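Worksheet for the structure shown next.
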Amino acid sequence: MKLPKTYEPNEYEQDIYALWERSEAFSPSGKGESFSVVVPPPNANGNLHLGHALGLGIEDILARYRRLKGDRTLLVPGADHAGFETWVVYEKKLAAEGKSRFDFTREQLYEQVWNFVAENRQHFEEQFRQLGAGVDWRHFTFTLDEKIVRLAYSTFKKMWDEKLIYRGERLVNFCTFHGTSFADIEVVHKEEKGSLWYIRYPFTDNSGEVVVATTRPETMFGDTGVAVHPADPRYQNFIGKSVKLPLTGREVPIVADTFVDTKFGTGAVKLTPAHDPNDYEAAKRHDLPFITVVDHEGKMKNVPEKYRSLKVEAAREKVVADLTAQRFIVQTEELSHSVGHCYKCDTVIEPMLREQWFVDMRPLANKAIKALEAGEIAFYPNVKQGQLITYLKGLKDWNISRQIAWGIPIPAFQNVDDPDDWIYDERVSEEIITVEGKTYHRDPDVFDTWFSSSSWPWAVLDYPGSEDFKNFYPLSVMETGFDILMPWVSRMLMMGLYVTDRVPFEKVYLHGLIQDEHGQKMSKSKGNVIDPIAKVRQFGADAFRIGLISDESPGSNRPYDESKVVGGRNFCNKLWNIARYTEDLLDKNPIKEKHFNATTLADHWVLSKLQQSTDTVADSLDKYNFSEAYEAVRRFVWDDLADWYIEASKVQPNPALLRYILASVLKLAHPFAPFVTETIWQTLAIDQNSLLATSEWPEVSLPDRELAATFEEIRTIIFETRNLVNSLRLRQTKLHYIAPAFVTENSAIIERLTGVKTVTEVQTGAGLKLITTPYDCWLEVTPELLTNHANTLKEQRKAQVEVVDHLKSRLTNQGYTEKAPANIIEQTKVQLAQAESLLSTIDGEINRFAPKQVVNPDQPKSSPPNPPTTGQGSVKPPAPESGVSV
RNA sequence: GGGUGAUUAGCUCAGUUGGCUAGAGCGCCUCGUUUACACCGAGGAGGUCGGGGGUUCGAGCCCCUCAUCACCCACCA
């Protein structure tokens, strides 16, 4: 089958992926070590975004590389029910249909969302395939699969039994729009401008007043005290007195508490324990009551008639107006302060008293900190390890209850006759159960998604007791976005240690966010979201993957750069055309066996380059340096193979070797460009009935290093010749040389690659002498050009003198010669010798043009350093004075 | 308020424990229709490594300081 001129990814990708799936290419099969990665499950409700594409790209590169290396490799795909995230999407859908969550029962809602998600699931599985992710579909797991739920329950039960789970009325972060509470980590704090009102609170004994400062005057109906610092001299006689709250006249005490900041406001703070975390803690210390004045919809309650049912904002205005009218406001000032918001709808988070399930994080966090400090997990980038430790050290108890319908129901029931009697029971499909004659009512809440997904690494491996768990746990790498280091990675670590008693992964690789072209965060509201699938269609999956990873550096954000994707496409096309050339060559020279021999200098040279590149790619991937690894592949393919070897092989073809090189390079490139490499592999039937995806990482046969080095000499001659031909606009010029046989043997290559008309051996040279090679080569030029060239030489000389002086001064520096390591000094000496040699060559040339002018008489005549030896003829070191007059 | 990272060519980024004349891709300039590829080939220009100090024989890299930009964490009324 013939390859067309240009690679058209859309024509091959689907078939190639189907071939892989059909062949079970992604089932663990190697005999080597286990290598396991679990894809962070994307939300099943939507499409993949750029972050998924980047993450999948990285994970797939690792997995494909390891598979080629012979490891027993498992890459597990999955999908997340994404509790709250999906719930938000579904509520919007309901709203669009003119309905709301209140129109349905919890069971109905759950079923509706289930179906909604089921529809979208296929969608995104298809997108995995389009991106070329080589995942093992038989291991596909959904976060609501029975095994996941069962594990969430058993973990919950274990914590319940061990008293790590408790139920209590605590101040929680509550979104009044979505009607649910959040974990601390889910609250987005924003710096906002607000007002700070100074309000008089008169003493009940009419002996004066205390002025408090607040940003939330509407909560004063819930005040149950005023606090001052015990050491504040201004307020010593206030402590113990009572004040009369404005507007209601309710009496509350003044207490002393060290949490008060004497420098803020007036140094006296009103206490609203039911709506402020600090006040909550203070009230507990002083045994003050809690009065809730904002309900779950964000409306005022337990307040005077005229404020009742007003939204918080409206109530605030009204309260301020009334306080002003009654001259309770002393002053108002502008204030910038941090306010918590719902990360989805931006509603201001209302701290609210609610009875919920909490996890006592201290013991879990301490275990994790210990493991981290012992270095049990390697982080990319490393700095994230310390950040995670800091986070864990300050971690508070975790609220795991969510008041939404979509999620895993919490398996807990409450005695209808005794609110404090809670029991664990998994019969969550029933609203009411009877146990030992008592009636229990199901907790209507569901788990925080992160609670169940924190078991992901072992849950997908069928913990406990499965072969998979034995083979693949802990995971080799956890690859995910750095934005979920705290909410997810930290929890997997804590739960992993708690449940399995081992760290759940050996390494953590965190990729950064991809922003839009202008460095702005992508978001639907800004309308700057880039659809990865559209880009795959436009450029091909390989090109897109390369575009995303060719600038990859862990942990840092970076803008989407389409020119990189174009670069990736061009790279694929380059590979494609190398394959086409190889195909043509093999058509003309049918090779029956796989056997090949390196015969020419270029053969040996390309083998040595292949060997170096293979090592570099492997080293870089082992260090998780993806951009460097790709760069090594690209350089070999483009520079070494296409621009040099293939061009040289047009003069001296070696079809069998070229086929070997192509096969090897396809393997190196496969992790980065899986589709095009497999397409070529299949089309050319490089290895009958096999898949590239499950072939073996190349083991390069050893080249002859000396012959390879001799080809470098030819390259040096070609480089300088090209430079001169270009800058002097030489046409149809001739190259003359003296002596080395390898030039004679490769004259056709030099002609082809430089465009010179002929390459001829002469007895004495004339013309423009090449200076960067130790061999005697001249370009035939007109006398005028030669004269002009003398000026160029003088400039070159000037620059070269600087280099020589620089190196000399280093070597005459006593501090340097005494303190620098011997190998560095030796290196400098070699450099100096080379620099002086080049300088003397230049001087020799200048003397040819101006023989009377003696240049630098002190300059020692040095012979060129280490002329290469070759197996293809004798080499005489050229004498620098061998220049011939014009 | 606490913490972290970044600042290198016009743009996006590399630069490993301090040691060759600081690299790549894209862009730019010049030249080129050589039958694998114009999604191409050849050549070239372009950087006082954010500013200022310091340590060192030697600093893009280490220390101090300033500036700017990101990000993370946090219950300051």
Side-chain angles (χ1 to χ4, degrees), chain A residues 3 5-7 171 173 184-185 187 189 196 212-216 219 227 259-261 264-266 268-272 276-281 335 337-338 340 351 381 383-384 386-387 390-391 394 396 482-483 485-486 512-513 517 519 539 543 550-553 555-564 566-567 569-585 623 625 627-628 631 634-635 642-643 646-647 650 719 722-727 729 752-755 799 802-803 806-807 810 813-821 823-825 827-828 830-831 834-835:
Chain A
L3 298 172
K5 193 167 169 179
T6 314
Y7 174 60
L171 218 49
N173 310 296
D184 294 340
I185 190 94
V187 177
H189 291 270
L196 187 64
V212 300
T214 182
T215 54
R216 301 202 54 188
T219 62
F259 93 91
V260 179
D261 178 359
F264 188 90
T266 60
V269 57
K270 68 196 236 359
L271 298 176
T272 321
D276 180 279
N278 271 317
D279 298 1
Y280 174 82
E281 294 298 329
L335 175 78
H337 63 149
S338 160
V383 68
K384 295 290 174 186
Q387 291 178 12
T390 308
Y391 170 76
K396 301 281 199 319
F482 79 98
D483 52 325
L485 172 64
M486 310 306 180
L513 247 58
E517 292 90 330
F539 297 104
S550 61
D551 254 357
E552 168 60 16
S553 177
S556 50
N557 297 341
R558 91 195 108 95
Y560 174 74
D561 185 351
E562 193 146 290
S563 72
K564 305 270 179 190
V566 171
R569 181 199 60 185
N570 296 351
F571 171 78
C572 293
N573 196 241
K574 183 55 92 171
L575 267 181
W576 188 253
N577 276 289
I578 288 170
R580 288 181 65 218
Y581 176 79
T582 309
E583 184 184 39
D584 284 352
L585 194 64
K623 288 186 291 186
N625 194 335
S627 53
E628 190 178 279
E631 183 56 28
R634 198 200 60 80
R635 226 179 4 244
D643 290 343
I646 287 188
E647 290 308 315
K650 284 174 181 172
F719 276 131
R722 281 170 167 177
N723 180 311
L724 291 168
V725 164
N726 253 296
S727 59
R729 303 254 185 275
R752 181 174 180 98
L753 296 189
T754 59
E802 273 177 34
V803 172
H806 178 73
L807 291 168
R810 189 181 299 173
N813 180 335
Q814 209 178 350
Y816 180 73
T817 50
E818 280 170 10
K819 293 181 184 174
N823 62 321
I824 297 290
I825 293 175
Q827 200 179 313
T828 309
V830 171
Q831 283 160 18
Q834 284 170 348

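Given the structure is predicted, the values throughout are model-derived calculations rather than measurements. Throughout, a chain's letter reflects where its sequence line sits, starting with A, and its residues are numbered from 1.
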>> How many whole angstroms separate atom CD of E552(A) from atom C1' of G25(B)?
In response: 16 Å
>> As a test of reading the structure: which of C71(B), C76(B), C75(B) is closest to the side chain of S338(A), going by heavy atoms?
In response: C76(B)
>> By the 4.0 Å heavy-atom rule, please label Q387(A) as base, sugar-phosphate, or nothing.
In response: sugar-phosphate
>> For the C1' atoms, the ones on G47(B) and on U12(B), what distance do you get once it is rounded to whole angstrom?
In response: 16 Å
> For RNA chain B, whose closest nucleotide is more 5', that of V260(A) or that of T6(A)?
Replying inline: T6(A)
> How far apart are the closest heavy atoms of A213(A) and G265(A), and which atoms are they?
Replying inline: CB-CA, 3.9 Å
> Looking across every strand, which nucleic acid part, if any, lies under 4.0 Å from F719(A) by heavy atom: base, sugar-phosphate, or nothing?
Replying inline: sugar-phosphate
>> Whole angstroms only, please: what is the CD-C1' distance between E583(A) and C37(B)?
In response: 14 Å
>> So, does R722(A) get its side chain near the phosphate of G32(B), meaning an N or O under 4.0 Å from OP1 or OP2?
In response: no
>> Taking the P atom in each of G43(B) and C26(B), what is the distance between them to the nearest angstrom?
In response: 14 Å
> Picking from U12(B), A77(B), A42(B), which would you name as closest to the side chain of P559(A)?
Replying inline: U12(B)
>> Nearest whole Å is fine: how far is G15(B) P from E628(A) CD?
In response: 8 Å
> Taking the side chain of V269(A) as heavy atoms from C-beta outward, which of A77(B), A36(B), U12(B) is closest to it?
Replying inline: A77(B)
>> Need one value for I185(A): base, sugar-phosphate or nothing, where a base atom within 4.0 Å counts as base even if backbone is also close, heavy atoms only.
In response: sugar-phosphate
> Of the nucleotides U16(B), A24(B), C37(B), which one has an atom closest to the side chain of K623(A)?
Replying inline: U16(B)
> Between A42(B) and C49(B), how far is it from one P atom to the other, in whole Å?
Replying inline: 31 Å
>> Classify N813(A) by what it touches in the nucleic acid, base, sugar-phosphate, or nothing, heavy-atom distance under 4.0 Å.
In response: sugar-phosphate
> So, is K650(A) close to the A36(B) phosphate, meaning a side-chain N or O under 4.0 Å from OP1 or OP2?
Replying inline: yes
>> For the C1' atoms, the ones on A45(B) and on G19(B), what distance do you get once it is rounded to whole angstrom?
In response: 29 Å
>> For A227(A) versus F259(A), what's the shortest heavy-atom pair and its separation?
In response: CB-CE2, 4.2 Å
> Yes or no on side-chain hydrogen bond (donor to acceptor under 3.5 Å, both in side chains) for R580(A) and N577(A), after CA distance, side-chain angles and deciding distance?
Replying inline: CA-CA 5 Å; R580(A) 288 181 65 218; N577(A) 276 289; 2.8 Å; yes
> Side-chain N or O of H189(A) less than 4.0 angstrom from OP1 or OP2 on C73(B)?
Replying inline: no
>> Does V383(A) reach a base, just sugar-phosphate, or nothing at all? Heavy atoms under 4.0 Å.
In response: sugar-phosphate
> Touch check for E647(A), heavy atoms < 4.0 angstrom, all strands: base, sugar-phosphate only, or nothing?
Replying inline: base
> Side chain of L807(A): nearest nucleotide among U21(B), A74(B), G19(B)?
Replying inline: U21(B)
> Contact class for N723(A) vs. all strands (heavy atom < 4.0 Å): base, sugar-phosphate, or nothing?
Replying inline: sugar-phosphate
> Using purine N1 to pyrimidine N3 plus N6-O4 or O6-N4 for Watson-Crick, or N1-O2 and O6-N3 for G-U wobble, both under 3.5 Å, which nucleotide pairs with A14(B)?
Replying inline: none
>> Measuring only the C1' atom in each nucleotide, how far is C11(B) from U16(B)? A whole number of Å is fine.
In response: 26 Å
> For S627(A) and E552(A), which heavy atoms make the closest approach, and how far apart are they?
Replying inline: OG-O, 3.2 Å
>> Using a 4.0 Å heavy-atom cut-off, does K564(A) contact any base of the nucleic acid, only the sugar-phosphate backbone, or nothing at all?
In response: base
> Hey, does the side chain of R722(A) reach the backbone of G755(A) with a donor-acceptor pair shorter than 3.5 angstrom?
Replying inline: no
>> In this structure, how many angstroms lie between the P atom of C13(B) and the CG atom of N625(A), rounded?
In response: 16 Å
>> At less than 3.5 Å, do the side-chain atoms of N278(A) and the base atoms of C75(B) form a donor-acceptor pair?
In response: yes
> I824(A) side chain: which of A36(B), G19(B), C31(B) is closest?
Replying inline: G19(B)
> With both distances under 3.5 Å as the test, what is the Watson-Crick or G-U wobble partner of C20(B)?
Replying inline: none
>> Just N and O in the side chain of N570(A): are any of them under 4.0 Å from OP1 or OP2 of C40(B)?
In response: yes
> Does a nitrogen or oxygen in the side chain of R634(A) sit under 4.0 Å from OP1 or OP2 of G25(B)?
Replying inline: yes
> Taking OP1 and OP2 of A38(B), is either one under 4.0 Å from a side-chain nitrogen or oxygen of K5(A)?
Replying inline: yes
>> Could you identify the nucleotide paired to A45(B), looking across every strand shown and requiring Watson-Crick or G-U wobble geometry with both distances under 3.5 Å?
In response: none
> Should G1(B) form a Watson-Crick or G-U wobble pair with both distances under 3.5 Å, which nucleotide is its partner?
Replying inline: C73(B)
> Which heavy atom in R569(A) sits nearest to a heavy atom in A543(A), and how many Å separate them?
Replying inline: N-CB, 3.3 Å
>> Rounded to whole Å, how long is the line connecting atom NZ of K270(A) with atom C1' of C76(B)?
In response: 14 Å
>> I'd like the P distance from U56(B) over to C73(B), given in whole Å.
In response: 42 Å
> Does a side-chain heavy-atom distance below 4.5 Å link R752(A) with E647(A)?
Replying inline: yes
> Can you tell me how far P in U33(B) sits from the matching atom in C20(B), rounded to whole Å?
Replying inline: 42 Å
> What pair of heavy atoms forms the shortest contact from A835(A) to L807(A), and how long is it?
Replying inline: CB-CD1, 4.0 Å
>> Among C73(B), C75(B), C37(B), which nucleotide has an atom closest to any side-chain atom of K396(A)?
In response: C75(B)
>> I need the minimum non-hydrogen distance between L335(A) and T215(A), along with the two atoms involved.
In response: CD2-CG2, 3.5 Å
> Any idea which of C31(B), C20(B), A74(B) is nearest the D184(A) side chain?
Replying inline: A74(B)
>> Considering every strand and a 4.0 Å limit on heavy-atom distances, what is the contact class for R635(A): base, sugar-phosphate, or nothing?
In response: nothing
> Counting any heavy atom closer than 4.0 Å, what does P351(A) reach on the DNA or RNA strands: base, sugar-phosphate only, or nothing?
Replying inline: nothing
> OP1, OP2 of A14(B) versus side-chain N and O of S553(A): anything below 4.0 Å?
Replying inline: yes
> Does some side-chain heavy atom of Y816(A) sit less than 4.5 Å from a side-chain heavy atom of I824(A)?
Replying inline: yes
> C37(B) pairs with which nucleotide, Watson-Crick or G-U wobble, both distances below 3.5 Å?
Replying inline: none
> Counting only Watson-Crick or G-U wobble pairs whose two distances fall under 3.5 Å, which nucleotide matches G27(B)?
Replying inline: none
> Across the strands shown, which category fits A799(A) at heavy-atom distances under 4.0 angstrom: base, sugar-phosphate, nothing?
Replying inline: nothing
>> Assuming nearest nucleotide by heavy-atom distance, tell me which of D643(A) and W576(A) is located more 5' along RNA chain B.
In response: W576(A)
>> Return the pairing partner of G60(B) with a 3.5 Å limit on both distances, Watson-Crick or G-U wobble; otherwise return none.
In response: none
>> For the C1' atoms, the ones on A24(B) and on U8(B), what distance do you get once it is rounded to whole angstrom?
In response: 13 Å
> Which one, A36(B), A77(B), C71(B), comes nearest to the side chain of N557(A)?
Replying inline: C71(B)
>> Regarding R216(A), tell me which of base, sugar-phosphate or nothing describes its non-hydrogen contacts under 4.0 Å with the strands shown.
In response: nothing
>> The side chain of A820(A) is closest to which nucleotide in this list: C39(B), U21(B), G19(B)?
In response: G19(B)
